[in-house]
Amino acid sequence: LYGKDLTLKYQPQVDLQQNRITGFEALLRWDCPSVGAISPSRFIPVAEETGLIFPLGEWVLETACAQAVAWQKAGMPPLRMAVNISARQFARPDFIDMVERILKETGLDPGCLEIELTESTVMEHIQEAIATLTDLKVRNINLAIDDFGTGFSSLVYLKNFPFDRIKIAQEFVRDISLDPGDKAIIEAIIAMSRTLNLHIIAEGVEKLEQLTFLKAQKCHEVQGYYFGKPAPAAMISKAFATGALT
Ligand code: C2E
Ligand code: CA
């Protein structure tokens, strides 16, 4: 199953000032032989319910870290590898041990790993979450808050968490040109992140006008179809080798 029906794709994250790729987000794909492709938004919640998320999440982390090391060995610059972690996986008492073991086994520098967590994941058990996040931060692992703006988005809590980066949810980026309210929300998130010394990445950037607006707002990084869809590792290696990606 793993590596065959279940694979990872990688989507570039682009720094707007340096105009270069600084990292990739690993995204899980399930190509079911009988039904075809099934979206992770559909099967991840089921995997969470059934507990399948534990072996699955471990495989994702292992595979993404090993891929990051393979890319570095192939001569690509040391890029960040962002991995989505589900709430149940994060809440496990042995979560840190698993991360540590995988970093050791793959040889990935912890500074090249980024863990993406949604607001609801960290808000569920706040004290435990702060302890786990601090444990990760002490190990120099990067922490990103995913889909920001869709949950509680509490400033008060956010300042207590050791996050490095905020990912602005795609739904705000999507309607930038149609909805002045979404523009205002993005402006507010960026202003707030700056005060808290957080790095900002906007998701779901598909069009030039979205990019232009985000650049004007001094958003640090973007991710989206405009720069690249999630792609198989081999395709990314090839693009780097031929100079198509920098
Ligand atoms: P997410 O973490 O918010 O991931 C971003 C989603 O937006 C991805 O959908 C990505 O393919 C899509 N996307 C990226 N750029 C664009 C764009 O420009 N336009 C549009 N319309 N979409 C864009 P995907 O891959 O279907 O993943 C859906 C969700 O499933 C993810 O949302 C994440 O919550 C979850 N997921 C995916 N892989 C994993 C995984 O390995 N572990 C866990 N726990 N969750 C995962
Ligand atoms: Ca994510």
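It should be emphasised that the depicted structure is a prediction, and the values quoted were computed from it without experimental measurement. In each ligand, atom 1 is the first atom listed, and ligand 1 is the first ligand listed.
The side chain of Gln11, and not its backbone, has at least one atom closer than 4.0 Å to an atom of ligand 1 (non-hydrogen atoms only; side chain from C-beta on). The backbone and the side chain of Ser86 each have at least one atom closer than 4.0 Å to an atom of ligand 1 (non-hydrogen atoms only). Of the heavy atoms in Val60, only side-chain atoms (C-beta onward) come closer than 4.0 Å to ligand 1. Residue contacts with ligand 1 for Glu203 involve side-chain atoms from C-beta outward but no N, CA, C or O (heavy atoms, distance under 4.0 Å).
Atom OE1 is the N/O/S atom of Glu116 found closest to the Ca ion (ligand 2).
Near Gly224, meaning under 4.0 Å from any of its heavy atoms, are these atoms of ligand 1: 15 (N), 18 (O). Short contacts between ligand 1 and Pro230, defined as distances under 4.0 Å to a heavy atom of the residue, involve ligand atoms 11 (O). Close approach to Asp147 involves these atoms of ligand 1, each under 4.0 Å from a residue heavy atom: 3 (O). Interface atoms of ligand 1 facing Ser41, defined by a heavy-atom separation under 4.0 Å, are 28 (C), 29 (C), 30 (O). Applying the 4.0 Å criterion to heavy atoms of Asp146 picks out, from ligand 1, the atoms 2 (O). Ligand-side atoms of ligand 1 in range of Ile44: 42 (N), 43 (C), 45 (N), 46 (C), range being under 4.0 angstrom from any heavy atom. Atoms of ligand 1 found under 4.0 Å from any heavy atom of Glu206 (numbered from 1 in listed order, with element): 17 (C), 18 (O), 19 (N), 20 (C), 21 (N).
The closest side-chain donor-acceptor pair between Gln223 and Gln11 falls under 3.5 angstrom.
Geometry note: the Ca ion (ligand 2) is the vertex, Asp146 OD2 and Glu25 OE2 are the arms, and the angle is 170° (rounded to 10 degrees).
The closest protein non-hydrogen atom to atom 10 (C) of ligand 1 is Leu27 CD1, 3.8 Å. In terms of protein heavy-atom proximity, atom 16 (C) of ligand 1 is closest to Tyr225 CE2, 3.2 Å. With hydrogens left out, the protein atom closest to atom 38 (N) of ligand 1 is Leu28 N, 3.1 Å, a heavy atom. Pro40 CG, 3.3 Å is the protein heavy atom nearest to atom 27 (O) of ligand 1. With hydrogens left out, the protein atom closest to atom 34 (O) of ligand 1 is Asn84 OD1, 4.7 Å, a heavy atom.
Look at Glu25 and you'll find a heavy atom under 4.0 Å from some atom of ligand 1. Residue contact annotation: Gly57 has no non-hydrogen atom under 4.0 Å from ligand 1. Under a 4.0 angstrom heavy-atom cut-off, Arg174 registers as lying outside contact with ligand 1.
The residue from Gln210, Arg29, Gln223, Gln170 that puts a heavy atom closest to atom 11 (O) of ligand 1 is Arg29.
Salt-bridge annotation for Arg165 and Glu221: present, with a side-chain N of the basic residue lying under 4.0 Å from a carboxylate O of the acidic one. Salt bridge status for Glu114 with Arg80: present, with a side-chain N to carboxylate O gap under 4.0 Å. Ion pair Asp164/Lys137 flagged as a salt bridge, since at least one NZ, NE, NH1 or NH2 atom sits closer than 4.0 Å to an Asp/Glu carboxylate oxygen. We find that Arg101 and Glu58 are joined by a salt bridge, their nearest charged nitrogen and carboxylate oxygen being less than 4.0 Å apart.
Figure legend: cation-pi geometry between Arg92 and Phe54, with NZ or CZ positioned under 6.0 Å from the six-membered ring centre and within 45° of its axis.
Under a hydrophobic clustering in which Ile, Leu, Val, Met, Phe, Trp and Tyr are joined whenever their side-chain heavy atoms come within less than 4.5 Å, directly or via other members, Phe172 and Leu208 fall into the same cluster.
Checking atom 32 (O) of ligand 1 against the protein gives no heavy-atom contact under 4.0 Å.
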task: List the steps and the verdict of salt bridge (charged side-chain N to carboxylate O under 4.0 Å, His left out) for Glu25 and Lys167.
output: CA-CA 12 Å; Glu25 177 177 1; Lys167 299 193 79 177; 2.8 Å; yes

Review point. Hey, mind stepping through Thr22 and Gln13 against side-chain hydrogen bond (donor to acceptor under 3.5 Å, both in side chains) and telling me if it holds?
Key: CA-CA 6 Å; Thr22 45; Gln13 301 181 325; 5.4 Å; no

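No side-chain heavy atom of Val99 sits less than 4.5 Å from a side-chain heavy atom of Ile96. For the pair Ser237/Trp71, a side-chain contact is recorded, criterion being any heavy-atom separation below 4.5 Å from C-beta on. For the pair Leu117/Asp146, no side-chain contact is recorded, criterion being any heavy-atom separation below 4.5 Å from C-beta on.
Shortest non-hydrogen contact noted between Tyr226 and Lys207 is CD1-C, 3.9 Å.
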